[in-house]
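The chains referred to below are lettered A, B, ... by the order of the sequence lines, with proteins before strands, and numbering in each begins at 1.
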Amino acid sequence: MIVSTRNAADRAHAIALFATGALTCLYWVLFFLTNLTRPDFTSWPESARTPALPAVYDGFESAFPAADAFTGLCLAVAGLYLWAGDRLAALFGLVGAGALLFLGLIDIQFNVLHGFYAPERLANDTGLSIELIINIGCLTFGVFTALRMWSKLKG
Amino acid sequence: MLGYCIGVAIIQGVAAEALAAALGLWRYRQPVLAVANIVLMFGVVQGGLIAGGLSGGINAAHALGAVTPVMFMAGALVGLGYEGLNSFALDAWTWSERPLLGLKRPIDKAAAVGVLWGLVPVTAALAASFAR
């Protein structure tokens, strides 16, 4: 049996890293199996749509699963090493945090350019509200993980 | 589709356990745990829930290829949790001294094999789609 770390902060961070990977996975399971995470405009009738926007959105989203899988798995592996108190947690944590920030910033720029953060849109659209929460989570947890792992790397 | 996915995943489980036994890669505390691993983890979880659930649930707008990264991610995350649980708590199987993919430390083997679990639902779903 491998002895786990006794550092409570490392344990909590390890759980958060693994949970971030699991939530990323859950997002995509819901994306493919339900309409919960999709903005309302993707299911509006043809006459009410801004032409091309649903197609642009679906094209944009379809580029993410492999990159999200990489990010989520890096974070989960970092969590496993962190739970063991192993120095490799810093390596996978920094790679995962960088990937999380990269994906979050791409998403944010797309959403800003298409007006998805407008308050009246966010108020009435569950899919866009989930997007906003994910974007904030990517930035805050990405920065937090990068800083914490960097401090571990420095020793 | 579900039955095919479970069947293919169980075949993968039997092959993986046979290969591991032949090469002496890991040892179970009790032999029945190997059977439980093949039936429950390979068959039910990876084959049934992940491969069967995702490939059976996607609507016509999405091709199987679009969802395979998600299948890999789900299989690998479950695998990492499973390997971690065994490494830190269950101790149902232990790694031998033999290197695995060039890795020698148990934690490295657990991480690598955890990620490799992601291949099980992907290959099960792809093989099942060809077999149908």
Requested in this report: Indicate the atoms forming the closest heavy-atom contact of A:C25 with B:L77, along with that distance.
Outcome: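 Result for this residue pair: CB-CD1, 3.5 Å.
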Query raised in the report: Taking all non-hydrogen atoms of both residues, which atom of A:A69 and which atom of B:P69 are closest, and how far apart?
Result: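 Closest approach of A:A69 to B:P69, heavy atoms only: CB-O, 3.7 Å.
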Determine whether [X] and [Y] fall in the same hydrophobic cluster, where Ile, Leu, Val, Met, Phe, Trp and Tyr are linked whenever their side-chain heavy atoms lie under 4.5 Å apart.
X	Y	result
A:L139	A:L75	no
B:V35	B:V8	no
B:L103	A:V95	no
B:V45	B:V113	yes
B:M73	A:L33	yes

If you round to the nearest 0.5 Å, how far is [atom2] of [Y] from [atom1] of [X]?
X	Y	atom1	atom2	answer
B:I107	A:I2	CD1	CD1	4.0 Å
B:M71	A:F32	CE	CZ	9.5 Å
A:M1	B:L90	CE	CG	7.5 Å

**Report entry** Pick from A:T34, A:T24, A:V3 with the largest number of heavy-atom pairs that fall under 4.5 Å of chain B
**Finding:**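 Top count of heavy-atom pairs under 4.5 Å with chain B: A:T24.
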Report task. Side chain from CB out, backbone as N, CA, C, O: work out which of these in B:V70 comes under 4.5 Å of a heavy atom of chain A, or both, or neither. Result ->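 B:V70 touches chain A through backbone and side-chain heavy atoms alike.
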Query raised in the report: Side chain, backbone, both or neither: which part of B:T94 has an atom under 4.5 Å from a heavy atom of chain A?
Result: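 Neither part.
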Query raised in the report: If you tally heavy-atom pairs under 4.5 Å against chain A, which of B:A110, B:G114, B:A89, B:A74 wins?
Result: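 Among the listed options, the one with the most contacts to chain A is B:A89.
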Side chain to side chain, [X] and [Y], heavy atoms closer than 4.5 Å:
X	Y	value
A:L88	B:D108	yes
A:L73	B:L80	yes
B:F88	A:L80	yes

Query raised in the report: So with a 6.0 Å cut-off around CZ of A:F102, is the heavy-atom count from everything else above 12?
Result: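 Counting neighbours around CZ of A:F102, 12 or fewer heavy atoms of other residues, nucleotides or ligands fall under 6.0 Å, so no.
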**Report entry** Heavy atoms from other residues, nucleotides or ligands near CZ of A:R87 exceed 12 (cutoff 6.0 Å)
**Finding:**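 It does not: A:R87 CZ has 12 such atoms or fewer within range.
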Report task. Give, as side chain, backbone, both or neither, the part of A:S4 having an atom under 4.5 angstrom from any heavy atom of chain B. Result ->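 Interface part for A:S4: both.
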